[in-house]
Amino acid sequence: MAAKLIDGNLLSKQLRSDVARRAAALTAQGRQPGLAVILVGESPASQVYVRNKVKACEDSGIHSVLEKYDADLSEAALLARIDALNHDPKINGLLVQLPLPPHIDTNKVIEAIAADKDVDGFHVNNAGLLMTGQPLFRPCTPYGVMKMLESIDYPVRGANAVVVGASNIVGKPQAMLLLQAGATVTICNSKTRDLASHTRNADILVVATGRRNIVTADMVKPGAVVIDVGMNRDDQGKLCGDVDFANVKEVAGYITPVPGGVGPMTITMLLVNTIEAAERN
Ligand code: NAP
């Protein structure tokens with residue numbers, strides 16, 4: 001294997017021990033950091049995500065509150081709970097697990113979260129602050145990717161970065177963070193013509209589409225850093241990313257595995273955002 005692995009579990013462990021240290025310092029001053037997570041409905045995947053988030057808080061000394069509601073919770077009732085948590089001094093970070101049931105307006109819910117508690121970084125104020133180069137909360141997944149690049153001391157400034165995927169939660173904020181770090185950034189989406197002509201130019205290639213094997217070895221510049229955000233299932237039902245890992249690792253300089261890459265970093269950065277919010281208070 002040519003590429004070096006960027007181990008998200010190992011890096012997470014290091015970052016989480018720093019979070020635990022900072023949480024303990026705040027707790028000693030009587031200001032234990034707190035995160036509230038709201039889950040509406042019974043999606044098994046969402047249940048696992050919120051359980052992992054709450055457990056990660058407990059392991060790091062962050063107070064956590066999990067509020068679970070049936071799928072038929074009204075939008076008004078959800079907004080009322082958000083308002084109460086916005087005003088709860090014990091809560092520094094608040095997130096509503098997505099997706100929400102179809103009768104609830106997701107944008108309205110995100111905008112109801114106090115921007116200074118929006119640890120997911122999805123609120124339009126936080127998207128605007130990121131866009132204008134003065135981020136308050138960086139969305140967790142792209143923030144984690146930046147930490148991965150930092151962990152290998154990668155010179156992002158001046159590098160060609162290609163982000164495949166342009167969602168509000170991953171691709172777009174990823175592109176903004178890379179741009180801010182001085183990269184020359186290309187964003188690709190499902191309408192991009194000749195995807196390979198872009199990806200082959202990438203020193204840093206971040207792939208976040210939810211399409212298995214969308215990036216194959218012939219699409220990667222030798223020595224590039226390949227960050228695989230995707231989470232899919234292969235034919236055996238095993239978790240896999242968007243990148244053809246077995247072949248791309250022979251070409252890339254660095255690569256992130258799935259599982260054990262970006263996934264653990266996302267939860268870790270949620271903890272980091274919660275600590276940052278608590279320290280700002
Ligand atoms: P999303 O909202 O579905 O967005 C997917 C993006 O990929 C869209 O911008 C879409 O383009 C683009 N795309 C789709 N097919 C493409 C193609 N053939 N060529 C180029 N671009 C293409 O997904 P998301 O929420 O960003 O998530 C993406 C993946 O990351 C999913 O597998 C998700 O499970 C995973 N994820 C992982 C983590 C983690 O912690 N590891 C966190 C979040 C998400 P259009 O804009 O044209 O539709």
Side-chain angles (χ1 to χ4, degrees), residues 5-9 11-12 15-16 37 43-53 55-56 95-100 106-107 110 119-122 127 130 137-149 161-178 185-202 205-216 218-220 226-234 237-245 248 255-273:
L5 272 191
I6 308 178
D7 183 339
N9 284 322
L11 181 55
S12 277
L15 292 168
R16 285 186 197 197
V37 179
S43 147
S46 292
Q47 306 243 21
V48 173
Y49 292 146
V50 298
R51 213 180 306 134
N52 289 344
K53 288 172 186 178
K55 175 158 190 320
L95 73 87
V96 178
Q97 185 65 41
L98 302 180
L100 286 166
T106 301
N107 286 329
I110 291 173
V119 279
D120 265 339
F122 298 163
L130 179 63
F137 290 108
R138 297 155 181 87
C140 302
T141 302
Y143 193 9
V145 169
M146 298 309 290
K147 288 284 174 195
M148 290 178 125
L149 293 171
V162 176
V163 180
V164 187
S167 69
N168 289 336
I169 64 170
V170 188
K172 283 184 206 162
Q174 185 68 72
M176 285 303 137
L177 288 172
L178 286 162
V185 184
T186 303
I187 312 176
C188 301
N189 59 30
S190 65
K191 297 96 183 169
T192 298
R193 288 190 211 117
D194 193 2
L195 183 62
S197 70
H198 296 282
T199 59
R200 277 193 206 113
N201 193 33
L205 178 58
V206 182
V207 192
T209 64
R211 308 283 182 280
R212 214 176 114 198
N213 291 340
I214 194 171
V215 169
T216 48
D218 57 311
M219 297 167 72
V220 174
V226 179
I227 310 270
D228 191 350
V229 178
M231 283 200 303
N232 310 295
R233 295 276 164 193
D234 68 13
K238 272 176 50 190
L239 196 62
C240 67
D242 287 357
V243 171
D244 174 11
F245 181 84
V248 170
I255 191 164
T256 64
V258 180
V262 175
M265 291 298 291
T266 295
I267 295 195
T268 298
M269 299 323 290
L270 175 67
L271 304 178
V272 171
N273 276 344

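Both counts, for ligands and for their atoms, begin at 1 and track the order of listing. In this text, all values refer to a predicted model and were calculated from it rather than measured experimentally.
Looking at Ser12, its side chain never comes within 3.5 Å of a backbone N or O of Thr268 through a donor-acceptor pair. Between the side chain of Asp242 and the backbone N or O of Asp228 there is no donor-acceptor pair closer than 3.5 Å.
The shortest non-hydrogen separation linking Leu178 to Ala161 is CD1-CB, 3.9 Å. Across Lys53 and Leu95, no two heavy atoms sit closer than the pair NZ-CD1, 4.1 Å.
Atom CD of Gln174 sits about 10.0 Å away from atom OG of Ser167, to the nearest 0.5 Å.
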For ligand 1, output the ligand-protein N/O contacts shorter than 3.5 angstrom; if there are none, return none.
| from | atom 1 | to | atom 2 | distance (Å) |
| --- | --- | --- | --- | --- |
| ligand 1 | 9 (O) | Ala166 | N | 2.8 |
| ligand 1 | 11 (O) | Ser190 | N | 3.1 |
| ligand 1 | 21 (N) | Asn189 | O | 3.3 |
| ligand 1 | 21 (N) | Ser190 | N | 3.4 |
| ligand 1 | 26 (O) | Ser167 | OG | 2.5 |
| ligand 1 | 32 (O) | Met231 | N | 3.0 |
| ligand 1 | 32 (O) | Met231 | O | 3.4 |
| ligand 1 | 40 (O) | Thr266 | OG1 | 2.7 |
| ligand 1 | 41 (N) | Val229 | O | 3.4 |
| ligand 1 | 47 (O) | Ser190 | N | 3.0 |
| ligand 1 | 47 (O) | Ser190 | OG | 2.6 |
| ligand 1 | 47 (O) | Lys191 | NZ | 2.7 |

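For Thr216, the side chain to side chain donor-acceptor pair (under 3.5 Å) partners are Asp218, not counting sequence neighbours.
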